[in-house]
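Report on the following structure.
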Amino acid sequence: MLTDLTALIPPAWREMVDLDRLRRISKEIGSDFIPDPKLIFRSLECAPSVVKVVIVGQDPYPNPHHAMGLAFSVPAEVEVLPASLKNIYKELKADLGVIRENGDLSGWSEQGVLLLNMSLTVLPNKTGSHSKIGWQVITQQIISDVAKRGALAVLWGREAQLMSKYFAQEDQFTAPHPSPLSVYRGFYGSKPFSNVNRRLEEKGLTPIKW
């Protein structure tokens, strides 16, 4: 059964994306993908006008119990956090002293943090399996739009940093990816959370309660 992505994308974002491309992706993703169709555009539940920060991920967690439509986030009931999220939380504690109780980052999204993966679907247990079906066209259009509106960018890893071209230098915060393979190459100590809040305050905006 075809999943009609053009019917699922929130209306406020429709005007900025290539709907023909979205129709082609609808035909490519098949039926055995994650997250659940109603969660594919979960990151876009906040209106474009309220986005203050975009954190760019790669694709959904390949574990069907983890993928929830928000980059790096997992449902609150997940007891063993993915390694990347554990490392994000370690840096958050070191940076701001904040200790989070679970892996659900919905509270960030509700404050205008766009938790956007470059690919919005993936096959179960197959990382990167939908990275070449056109999602990046859609997500780059979204990133370009929020950048023009003044959003800040948190870009972890090489793929995310390809999006740096859309943001002023002072509005982007880059570091290696928080995965175990690269976390010690400069992710730890990068202080993304305090740096983002400092920049938001410089722009006269309310900082994020991380």
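Note that the numbering runs from 1 along the sequence shown for the chain.
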Single-linkage hydrophobic cluster, 4.5 Å side-chain cutoff, [X] and [Y] together:
X	Y	value
Leu105	Val154	yes
Ile40	Met68	no
Leu8	Leu19	yes
Leu85	Trp108	yes
Ile133	Leu123	no

Expected output: side-chain [X] to main-chain [Y] donor-acceptor under 3.5 Å:
X	Y	value
Gln136	Ser131	yes
Glu91	Lys191	yes
Arg14	Thr6	yes
Asn195	Ser190	yes
Tyr188	Asn87	no
Asp104	Pro75	no
Gln111	Gly107	yes
Asn117	Leu120	no
Gln172	Ala153	no
Asp59	Val122	no

Is a salt bridge present between Glu202 and Arg199, judged by a nitrogen-to-oxygen distance below 4.0 Å?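 So Glu202 pairs with Arg199 through a salt bridge.
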Any Lys/Arg nitrogen of Asp4 or Arg23 sitting under 4.0 Å from an Asp/Glu carboxylate oxygen of the other?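 Arg23 and Asp4: not salt-bridged.
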[X] versus [Y], closest heavy-atom pair with distance:
X	Y	answer
Phe72	Pro178	CE2-CG, 4.1 Å
Pro60	Pro35	CG-CD, 4.0 Å
Ala147	Phe167	CB-CE2, 3.4 Å

I would like to know whether Thr3 and Ser26 meet side-chain contact (heavy atoms from CB on, under 4.5 Å); could you show each step before the answer? CA-CA 6 Å; Thr3 300; Ser26 296; 5.7 Å; no
Could you go through Arg24 and Asp20, starting from their C-alpha distance and side-chain angles, then the distance that decides it, and tell me whether this counts as salt bridge (charged side-chain N to carboxylate O under 4.0 Å, His left out)? CA-CA 6 Å; Arg24 292 202 292 274; Asp20 286 336; 5.8 Å; no
Heavy-atom check, side chain of Pro64 versus side chain of Asn125, under 4.5 Å: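 Result yes, sub-4.5 Å side-chain heavy-atom pair found.
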How about Phe41 and Trp13: are their ring centres within less than 6.0 Å of each other?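 Centroid distance Phe41-Trp13: not below 6.0 Å, so no.
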Without hydrogens or angle criteria, can the side chains of [X] and [Y] be said to hold a donor-acceptor pair below 3.5 Å?
X	Y	value
Gln140	Tyr166	yes
Arg42	Ser106	yes
Thr121	His130	yes

Please report the C-alpha distance between Lys52 and Val113 in whole Å, then the side-chain angles of each, then the deciding distance to 0.1 Å, and finally whether the side-chain contact (heavy atoms from CB on, under 4.5 Å) criterion is met. CA-CA 6 Å; Lys52 296 193 287 190; Val113 179; over 6 Å; no
Go through the steps for Trp210 and Val196 under the test side-chain contact (heavy atoms from CB on, under 4.5 Å), then give the verdict. CA-CA 10 Å; Trp210 302 104; Val196 163; 3.8 Å; yes
Identified side-chain contact (heavy atoms from CB on, under 4.5 Å) partner of Leu114 from the options Leu70, Leu44, Ile55, Val53: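 Result: among Leu70, Leu44, Ile55, Val53, Leu44 is the only option passing the side-chain contact (heavy atoms from CB on, under 4.5 Å) with Leu114.
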Looking at [atom1] of [X] and [atom2] of [Y], how far apart are the two atoms once the value is rounded to the nearest 0.5 Å?
X	Y	atom1	atom2	result
Leu205	Leu152	CG	CG	7.5 Å
Ser84	Leu181	OG	CG	8.5 Å
Gln141	Glu15	CD	CD	12.0 Å

Between His177 and Phe187, does the side-chain contact (heavy atoms from CB on, under 4.5 Å) criterion hold? Intermediate values first, please. CA-CA 7 Å; His177 195 275; Phe187 176 79; over 6 Å; no
Inspect the surroundings of NZ in Lys27 and state if more than 12 heavy atoms from other residues, nucleotides or ligands are less than 6.0 Å away.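 Incorrect, the count does not exceed 12.
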